[in-house]
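To keep things clear, I will list the structure first and then write my remarks on it.
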Amino acid sequence: MKQRLLYIVEKIRALGLEISLKQAEQFYKYYEILYEWNQFMNLTGITEFESVVQKHFVDSLSIICIKDMENVDSLIDIGTGAGFPGIPLKIAFPNLRITLLDSLNKRIRFLNEVITKTGLCGIETIHGRAEDYARSAEHRESYDVCVSRAVANLSTLSEYSLPYVKINGEFISYKSGEIAQELKEAKTALFLLGGKIEECKTFTLPDSDIYRSLIKIKKVNNCSKKYPRKSGLPSKEPLH
């Protein structure tokens, strides 16, 4: 186990981030629970230890390439799935107040188990659709940063995510592969939703040939109350 903890520390250090042994233990506990639960529910197709560290943990933390997370107070992870990137960000930056939102209740049960067994505080889960919670006063335009590693086009993700972001806050989208076409197609959606592309960064994860892109979108105007549209529409009919 000690070797595995050191492996976690080294891989995260290669990204430019130092974590303590306690944090490495939390990451390893997370891995163990993920592996165990994945036996009876489909959380991830990646289960080998080294691959989970690289493709889930390090990938989640790669946001530091585009954003100084030390200055972020509140963050919401939309369509968090098995907890990426939200839980790795919480482990690495314990002072973050994090909300994990997912539409599948069994995934929420898994996330609650991880939170309990890793001893994380200041992190909550919400079972529901992004379209619905974006309309509540408690969550609308309430977060410094919104993140999503969900698989959807940027127009759709922006409609789900930007309503949660404060003015001058940011939505940061994790992407793989080419993003030029997506950026082009999302221009109208971003304008309508009060967002503006601030920075895009494409890079490879440390010690790998895995390409990743991060898109940072700044919230420059309030989002009209008509967005997000009713359930299902943002994905069926993306704004363009």
**Separation between CD1 of Ile217 and CZ of Phe171, rounded to the nearest 0.5 Å** =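 Rounded to the nearest 0.5 Å, the CD1-CZ separation comes out at 5.5 Å.
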
**Item:** Straight-line distance of Asn95 CG to Lys90 NZ, nearest 0.5 Å
**Value:**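 Spacing of CG (Asn95) from NZ (Lys90) equals 7.0 Å.
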
Result block: side-chain N/O donor-acceptor pairs under 3.5 angstrom for residues 192-201, not counting sequence neighbours:
from	atom 1	to	atom 2	distance (Å)
Lys201	NZ	Cys65	O	3.0

**Request:** Apply side-chain hydrogen bond (donor to acceptor under 3.5 Å, both in side chains) to Thr202 and list each qualifying residue two or more places apart in sequence or on a separate chain.
**Result:**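 Thr202: side-chain hydrogen bond (donor to acceptor under 3.5 Å, both in side chains) contacts with Ser213.
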
Taking only residues two or more places apart in sequence, or in another chain, which ones meet [X] in a salt bridge (charged side-chain N to carboxylate O under 4.0 Å, His left out)?
{"X": "Lys55", "result": "none"}
{"X": "Asp68", "result": "none"}
{"X": "Lys22", "result": "none"}
{"X": "Glu32", "result": "Lys29"}

What residues form a side-chain contact (heavy atoms from CB on, under 4.5 Å) with [X], not counting sequence neighbours?
{"X": "Gln23", "result": "Ile19, Ser20, Gln26, Ile91, Pro94"}
{"X": "Glu18", "result": "Arg13"}
{"X": "His139", "result": "Glu124, Ile126, Tyr133, Ser136, Tyr143, Tyr164"}
{"X": "Glu131", "result": "Arg129, Tyr160, Pro228, Ser231, Pro234"}

**Asked** Applying salt bridge (charged side-chain N to carboxylate O under 4.0 Å, His left out), which residue pairs with at least one partner in residues 222-231 are found, sequence neighbours left out?
**Response**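 Non-adjacent pairs meeting salt bridge (charged side-chain N to carboxylate O under 4.0 Å, His left out): Glu159-Arg229.
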
**Prompt:** Quick one: ring pair (Phe, Tyr, Trp, His ring centres under 6.0 Å) pairs with a partner in residues 47-76, sequence neighbours left out?
**Reply:**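 Output for this query lists Tyr7-Phe49, Phe27-Phe57, Tyr28-Phe49, Tyr30-Phe57, Tyr31-Phe49, His56-Phe84.
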
**Prompt:** Looking at Ile108, Leu111, Asn112, Ile76, which hits side-chain contact (heavy atoms from CB on, under 4.5 Å) with Leu100?
**Reply:**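 Among Ile108, Leu111, Asn112, Ile76, the one meeting side-chain contact (heavy atoms from CB on, under 4.5 Å) with Leu100 is Leu111.
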
